[in-house]
Amino acid sequence: MTKITVAKGDGIGPEIMDATLEIILAAGAKIEIEEIEVGEKVYLAGNSNGIASESWDTIRRNKIFLKAPITTPQGGGYKSLNVTTRKFLGLYSNVRPCKSLHPFVSTKHPVMDIVIVRENEEDLYAGIEHQQTDEVVQCLKLISRPGCEKIVRYAFEYAKQQNRKKVTCFTKDNIMKQTDGLFHQVFDEIASEYPEIENEHWIIDIGAAKMADTPELFDVIVMPNLYGDVLSDVAAQITGSVGLAGSANIGEECSMFEAIHGSAPRRAGQNLANPSGLLQGAIMMLNHIGQTEVAEKVQNAWLKTLEDGIHTYDIFKEGTSKIKVGTKEFATAVIANLGHKPTLLKAVSYANNEALILPKYKRKPAAKKELVGIDIFVHWNGTKPDELAEKIKKIETETIKLTMITNRGIKVWPNGFDETFCTDHWRCRFKPNEDSEINKTNIIGLLQKAFDQNVDTIKTENLYSFDGKAGYSLGQGQ
Ligand code: NAD
């Protein structure tokens, strides 16, 4: 018996959760349910996270969380419970299988069988944002070596366990050489440990286009958080419906399982919604807790039900489907099929589908880190970079000089183009002369001089080299 935390959520949540639990219990799932309240009511009661602190205790104690979709109220101040849960509980891996059920569910891609493994904790979802000037706001994109190693290793271990042949990585490292560059580099390092699995890297834009056009080219795809968020919805939708896909959020201690879709409030309370997405999440949960036989039984019964043409409204199609059913009737049909296998669709076998146990991340020895310069960001309302350079040069020292000014990343001084559009947000790069060095006392000196000269400094970034390799990007056009 495994104790799990269940949240029925909002909108269609309670209906699809009841149907899901009814099916898995009828299949023999050995689970004890502890229910918590999350979502709209909790938000509106004044808890900006959508969850009460006692509920965190329940989730952390039970470690396994089956969650229905929730409604995040419109308007500012409400934090996404999904993002908070993933990060608080260290659920670093988001796994979304997206498989076509041709010819029973209408799709343009009959042979698609992709699993998206999305990094789940970092990237732009760190949510660290600041307004810096009248015209410019920023969001920090944080990518870490542990984050990359954990997710890439998860993708390869998953591929190995599931007998999949290829792992593809999507990044945009032609532009983001440090952040996406690290993700790609770690992918190459870890891929070399799995010579039996094919590996490849695509730049995300053409990779995404290919995936939407010829998904049969792909198997497992691993990617940073934001790309994975967008592309896993695309992948699920092109199998036929977002209502069919589930997702697992896996951490070292805790895990959360859910449907990929939201609470579809317009469909709520009408016995219309398709419970399949949440059921798929529950099947991943059963595998994760070692109840693989039950998981297999439910999945085969579900495939048989879809094959029988018993469909909810979202996938019902004249000609392909046979009976249009509601949520409850769909659950009853799946239960009646427990013990049966599909005939045309491939029946599943989950013999070794248990939770993956990965080695803990080991911190590497520190590199030799040297301060080699500083970027001072400045709020300035002028338009002529030469004028700004003249002003900023007044804060130079004997040995530390202004070497470049950029605006939104593009070099505008020295030798900028008049055509380049400039905002009020400027980056001024200072470097020591060739035979000199820079230290933190020098930086304090530069900032003091900037203050004395009425330069509005809004932030600084230290420029480091790590084992002699520059740890910062050049200006575009530099
Ligand atoms: P949604 O996924 O809830 O619904 C979009 C449309 O997809 C619906 O109108 C419906 O036609 C269809 N649909 C979705 N699930 C279905 C199902 N199981 N059966 C049949 N049809 C289904 O997206 P939305 O309308 O953008 O968001 C509604 C609410 O859900 C928002 O408050 C949003 O914040 C929240 N949301 C929650 C989660 C989550 O809890 N994991 C995820 C996404 C959105």
Side-chain angles (χ1 to χ4, degrees), residues 123-124 128-143 171-182 203-205 226 370-440 442-466 469-478:
D123 191 358
L124 291 159
I128 305 175
E129 295 192 302
H130 302 95
Q131 177 163 4
Q132 301 207 308
T133 62
D134 291 313
E135 293 174 345
V136 175
V137 287
Q138 73 163 18
C139 176
L140 282 186
K141 170 159 168 146
L142 293 178
I143 299 277
T171 72
K172 187 80 184 170
D173 67 337
N174 53 333
I175 306 293
M176 283 161 279
K177 296 191 166 71
Q178 293 288 327
T179 48
D180 283 20
L182 177 61
I203 298 292
I204 175 91
D205 38 43
L226 177 64
E370 278 177 285
L371 187 67
V372 295
I374 181 163
D375 282 345
I376 300 180
F377 289 75
V378 169
H379 183 173
W380 183 63
N381 286 327
T383 52
K384 301 247 179 313
D386 287 352
E387 276 174 31
L388 178 63
E390 209 172 300
K391 189 174 161 77
I392 297 292
K393 274 176 151 299
K394 296 202 178 106
I395 69 176
E396 286 182 339
T397 69
E398 277 289 291
T399 57
I400 300 168
K401 305 290 179 197
L402 178 69
T403 59
M404 174 180 77
I405 299 177
T406 68
N407 196 294
R408 292 185 298 176
I410 181 87
K411 187 189 75 169
V412 293
W413 182 92
N415 310 321
F417 286 13
D418 287 344
E419 293 87 338
T420 306
F421 182 84
C422 291
T423 66
D424 59 0
H425 185 269
W426 308 81
R427 171 178 61 166
C428 305
R429 177 160 291 178
F430 287 86
K431 289 246 180 116
N433 293 334
E434 219 147 83
D435 47 359
S436 308
E437 289 182 352
I438 181 170
N439 59 35
K440 292 207 173 148
N442 302 138
I443 290 178
I444 294 167
L446 287 174
L447 291 175
Q448 181 62 51
K449 280 176 96 178
F451 177 76
D452 296 342
Q453 294 290 331
N454 275 328
V455 173
D456 184 3
T457 56
I458 47 183
K459 70 160 190 168
T460 61
E461 291 287 349
N462 293 350
L463 307 180
Y464 289 110
S465 74
F466 289 85
K469 199 172 147 225
Y472 52 91
S473 54
L474 296 177
Q476 288 161 339
Q478 192 183 7

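Distance check: Cys428 SG to Leu402 CG gives 6.0 Å after rounding to the nearest 0.5 Å. We find the CZ-CD distance between Arg408 and Glu135 to be 9.0 Å, quoted to the nearest 0.5 Å. Atom CD1 in Ile374 sits 7.5 Å away from atom CG in Leu463 (nearest 0.5 Å). Here the straight-line distance linking atom NZ of Lys431 with atom CD1 of Ile438 works out to 10.0 Å at 0.5 Å rounding. Note that the OG1 atom of Thr406 and the NE2 atom of His425 stand 9.0 Å from one another [nearest 0.5 Å]. Here CG of Asp180 is found 9.0 Å from CG of Asn174. Values are rounded to the nearest 0.5 Å.
Partners of Lys391 under the side-chain hydrogen bond (donor to acceptor under 3.5 Å, both in side chains) rule, at least two apart in sequence or in another chain, do not exist in this structure. For Asn462, the side-chain hydrogen bond (donor to acceptor under 3.5 Å, both in side chains) partners two or more places apart in sequence, or in a different chain, are Tyr464. With sequence neighbours excluded, no residue forms a salt bridge (Lys or Arg N to Asp or Glu O under 4.0 Å) with Asp386.
Within a 6.0 Å sphere centred on CD of Gln478, other residues, nucleotides and ligands contribute more than 12 heavy atoms. Around the NZ atom of Lys384, the shell of radius 6.0 Å holds no more than 12 heavy atoms that belong to other residues, nucleotides or ligands.
Contact of the Ile203 side chain with the Asp173 side chain is registered, since non-hydrogen atoms from C-beta on lie closer than 4.5 Å. Taking 4.5 Å as the limit, some side-chain heavy atom of Lys459 sits within range of a side-chain heavy atom of Gln138. Contact annotation: the side chain of Glu129 never approaches that of Val137 to less than 4.5 Å [non-hydrogen atoms, C-beta and beyond]. Looking only at side-chain heavy atoms (C-beta outward), Glu437 and Pro432 stay at 4.5 Å or farther from each other. Annotation: side chain of Thr420 is not in contact with side chain of Asn407 (no heavy-atom distance under 4.5 Å). Contact annotation: the side chain of Asn439 approaches that of Asn442 to within less than 4.5 Å [non-hydrogen atoms, C-beta and beyond].
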Atom pairs and distances, side-chain donor-acceptor, residues 449-458, under 3.5 Å, sequence neighbours left out:
unit_1: Lys449; atom_1: NZ; unit_2: Glu396; atom_2: O; d: 2.6
unit_1: Asp452; atom_1: OD1; unit_2: Gln448; atom_2: NE2; d: 3.1

Scan the side chains in residues 411-418 for donor-acceptor partners under 3.5 Å anywhere in the protein, sequence neighbours excluded, and list what turns up.
unit_1: Lys411; atom_1: NZ; unit_2: Pro414; atom_2: O; d: 3.3

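Judged purely by atom type and a 3.5 angstrom limit, Lys401 uses its side chain to pair as donor or acceptor with the backbone of Thr397. Checking side-chain atoms of Gln131 against main-chain N and O of Thr133 turns up a donor-acceptor pair under 3.5 Å.
Between Pro385 and Trp426, the closest heavy-atom pair is CG-CZ3, 4.0 Å. For the pair Glu461 and Phe377, the tightest heavy-atom approach, listed with the atom from each and the gap, is CG-CE1, 3.9 Å.
Among pairs with a residue in residues 372-383, those fulfilling side chain to side chain donor-acceptor pair (under 3.5 Å) read Asp375-Arg427, Asp375-Arg429, His379-Asp424, at least two apart in sequence or across chains.
Just one of Thr171, Leu124, Thr179 meets the side-chain contact (heavy atoms from CB on, under 4.5 Å) condition when paired with Ile143; it is Thr179.
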